[in-house]
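From a predicted model like this one, the values you see are computed outputs, not experimental measurements.
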Amino acid sequence: MSQRPEAAGPVGTVGLPPEPAELPPAPEAPASTADLGRTASRGAGITLAGQGIRILLQFASVTVLARLLSPRDYGLLAVGLVMVGVGEVLRDMGLSVAAVRSPELTDRQRDGLFWLNAAAGLLLAGIVVCAAGPIATAFAEPELEPIARVLALTFVLNGLAAQYRAGLSRDLRFGGLATTEVSAQLVSFAVAVVAAVLGAGYWALVAQQLAQGVVTLLAVVLLGRWLPRLPRRGAGLRPFLRFGAGISGTQLVYYLGNNLDNISLGLWAGPHALGIYSRGFQLLMSPLNQVRSPATGVAVPVLARIQDDLTRSGEYLKRSQLALGFTLVPALAVVAGASVPVVHLVLGDRWAAVAPVLALLAVAGSAQTLAYVGNWVYLSRGLSGALLRYTLVSLVLSAVCIAVGSRFGVVGVAAGYASAALLEWPLSLWWLSRITVIPVRALLLGALRIMGCAVVAGTACFLVSEAAGTWPAVPRILAGALAALAVYGAAVLHPRIRRDLLGVLAWGRQMVGR
């Protein structure tokens with residue numbers, strides 16, 4: 001599985017661009033608000049069900065492979081995946097988001113976008129193959145050269161699959177996407193375990209990446225039932241390229257900022273330290289993003305349809321933030337409070353150094369989750385230029401925080417990453433409100449209620465878990481989780497929080513309803 005989240009993340013903007021690169025206006029919203037809400041909720045339910053299965057597979061992968069491979073194996077792959085991630089942003093060129101958001105997509109446009117993504121993937125694969133030697137020299141790790149060259153194949157696979165995935169998302173075929181992702185993860189996990197048992201070392205993790213790419217490509221081609229024709233002139237791709245350029249630039253800057261921790265540890269601390277850090281990141285952030293990222297696939301098409309109705313879009317944003325905040329953030333609070341027994345249970349005794357990293361990353365994940373809905377506004381309203389501007393600011397902020405933290409080793413880097421996330425959350429909403437209309441006050445107050453409950457719950461979990469320090473891992477985690485649950489039970493007595501939770505329950509019923 002990827003060590004990092006998707007390239008575009010919860011960020012804001014800096015200033016109003018002269019002319020945002022936008023696609024044609026979105027189509028009119030459906031006549032019935034209730035119908036749209038049911039469609040969105042149903043799509044979210046299907047997506048989250050698939051992601052739930054993926055999280056279980058991710059958990060199994062982390063648990064099993066951590067006992068078969070070493071921190072150095074994971075550190076080498078993490079460095080390789082940083083390079084792959086940068087190339088993936090450039091390979092996509094923002095065209096997947098552009099295709100999903102466009103109200104109309106002709107056959108000629110879809111053909112042209114397919115060949116652009118495919119050509120970019122092939123070009124980048126060639127560049128990485130040629131640059132593998134210098135990259136390995138820069139990190140003083142000879143093993144990186146063959147790793148980078150083999151991982152370059154993922155550019156070709158993902159380039160071919162990009163517009164198939166975009167087509168499934170445009171058609172709201174969330175069930176097909178979920179099936180594809182689960183199948184790819186299951187097969188790749190099996191491949192990695194077999195290879196690790198046979199003594200392949202870090203090559204087991206490389207094989208896992210390639211297997212996932214192959215299965216995903218085959219699945220989306222079968223589901224899409226579409227064969228691209230040769231590209232032709234006059235297809236009308238310029239609006240897609242303008243919009244995609246802004247998105248791609250934003251994703252690249254955000255990705256670099258979000259991987260400064262990996263780059264810093266890889267260059268100055270070595271693969272072993274990076275392996276420790278990456279285990280914490282994969283144990284927490286990868287499952288978290290498997291829930292959050294598909295929510296973007298559901299939210300952006302819906303918000304694009306209702307972008308001219310500020311009241312409806314504002315309500316959607318508020319309810320989405322509460323739904324994410326009161327489902328994901330409590331879980332993160334428990335992980336932060338019970339990080340020591342969680343690491344002992346999942347990874348084993350030799351990975352004890354991961355515990356403080358995991359706790360700090362849970363704090364970062366909470367802040368990022370609260371800011372997530374802001375990113376949907378940029379994407380759905382075509383504000384790609386504005387998104388790029390703020391992302392540059394966030395890159396500087398992340399660099400400063402991580403640079404300061406890196407003086408204190410792996411835990412310091414994690415603390416810097418968490419500090420940057422906490423600072424970026426309110427800043428992103430404030431800057432977003434300068435260029436478009438969003439319910440800033442309601443979003444901030446809702447987030448404060450979410451965080452207030454989480455801080456108290458996480459503290460209670462930590463105290464109870466530490467008091468039960470001599471117990472086995474599972475009872476310690478359960479005791480801490482019960483303490484956190486008791487905090488939320490008491491919080492329900494507050495009328496405002498009770499209304500929030502009732503709204504989340506209503507949203508959940510819509511997801512499983514017909």
Side-chain angles (χ1 to χ4, degrees), residues 1-5 7 61 65-66 68-92 118-161 188-189 191-217 251-252 255-279 281-282 286 406 410 413:
M1 303 304 104
S2 174
Q3 304 291 327
R4 279 300 187 198
S61 174
L65 293 177
L68 296 173
L69 302 172
S70 70
R72 178 177 173 79
D73 292 332
Y74 281 106
L76 288 170
L77 182 74
V79 175
L81 288 181
V82 169
M83 297 180 293
V84 169
V86 172
E88 272 298 295
V89 174
L90 297 174
R91 190 272 310 156
D92 187 71
L122 186 60
L123 175 62
L124 283 166
I127 292 173
V128 171
V129 168
C130 295
I135 290 171
T137 301
F139 283 90
E141 295 293 343
E143 296 99 324
L144 282 177
E145 184 172 351
I147 290 174
R149 287 177 173 165
V150 175
L151 286 176
L153 293 173
T154 60
F155 296 138
V156 179
L157 297 171
N158 294 339
L160 294 172
S188 63
F189 171 41
V191 168
V193 170
V194 171
V197 169
L198 294 176
Y202 54 77
W203 286 112
L205 300 173
V206 175
Q208 186 177 26
Q209 297 293 316
L210 293 181
Q212 185 167 350
V214 170
V215 174
T216 296
L217 175 59
Q251 290 176 331
L252 179 60
Y255 186 86
L256 291 174
N258 206 37
N259 281 272
L260 287 174
D261 45 3
N262 268 358
I263 296 171
S264 174
L265 288 171
L267 286 171
W268 293 300
H272 185 276
L274 180 53
I276 294 292
Y277 187 86
S278 72
R279 286 308 79 214
F281 208 99
Q282 189 176 35
S286 292
S406 64
V410 175
V413 169

Could you give the distance from [atom1] ([X]) to [atom2] ([Y]), rounded to the nearest 0.5 Å?
X    : Y    : atom1 : atom2 : result
L68  : L198 : CG    : CG    : 10.5 Å
I127 : L122 : CD1   : CG    : 10.0 Å
F281 : L274 : CZ    : CG    : 11.0 Å
I135 : I147 : CD1   : CD1   : 11.5 Å
T154 : Q212 : OG1   : CD    : 10.5 Å
N158 : L124 : CG    : CG    : 11.5 Å

Do [X] and [Y] have side-chain heavy atoms sitting under 4.5 Å apart?
X    : Y    : result
L65  : D73  : no
T216 : L157 : no
L205 : Y74  : yes
V128 : L151 : no

Of the non-hydrogen atoms in [X] and [Y], which two are nearest, and what is the gap between them?
X    : Y    : result
V413 : S406 : CG2-CA, 3.7 Å
P134 : A131 : CD-O, 3.2 Å
A204 : A200 : N-CB, 3.9 Å
V191 : A207 : CG1-CB, 3.9 Å
S61  : Q208 : OG-NE2, 3.4 Å
G80  : L144 : N-CD2, 4.2 Å

Review point. How would you list, by chain and number, every residue that makes a salt bridge (Lys or Arg N to Asp or Glu O under 4.0 Å) with R72, sequence neighbours excluded?
Key: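 Result, salt bridge (Lys or Arg N to Asp or Glu O under 4.0 Å) vs R72: E141, E143.
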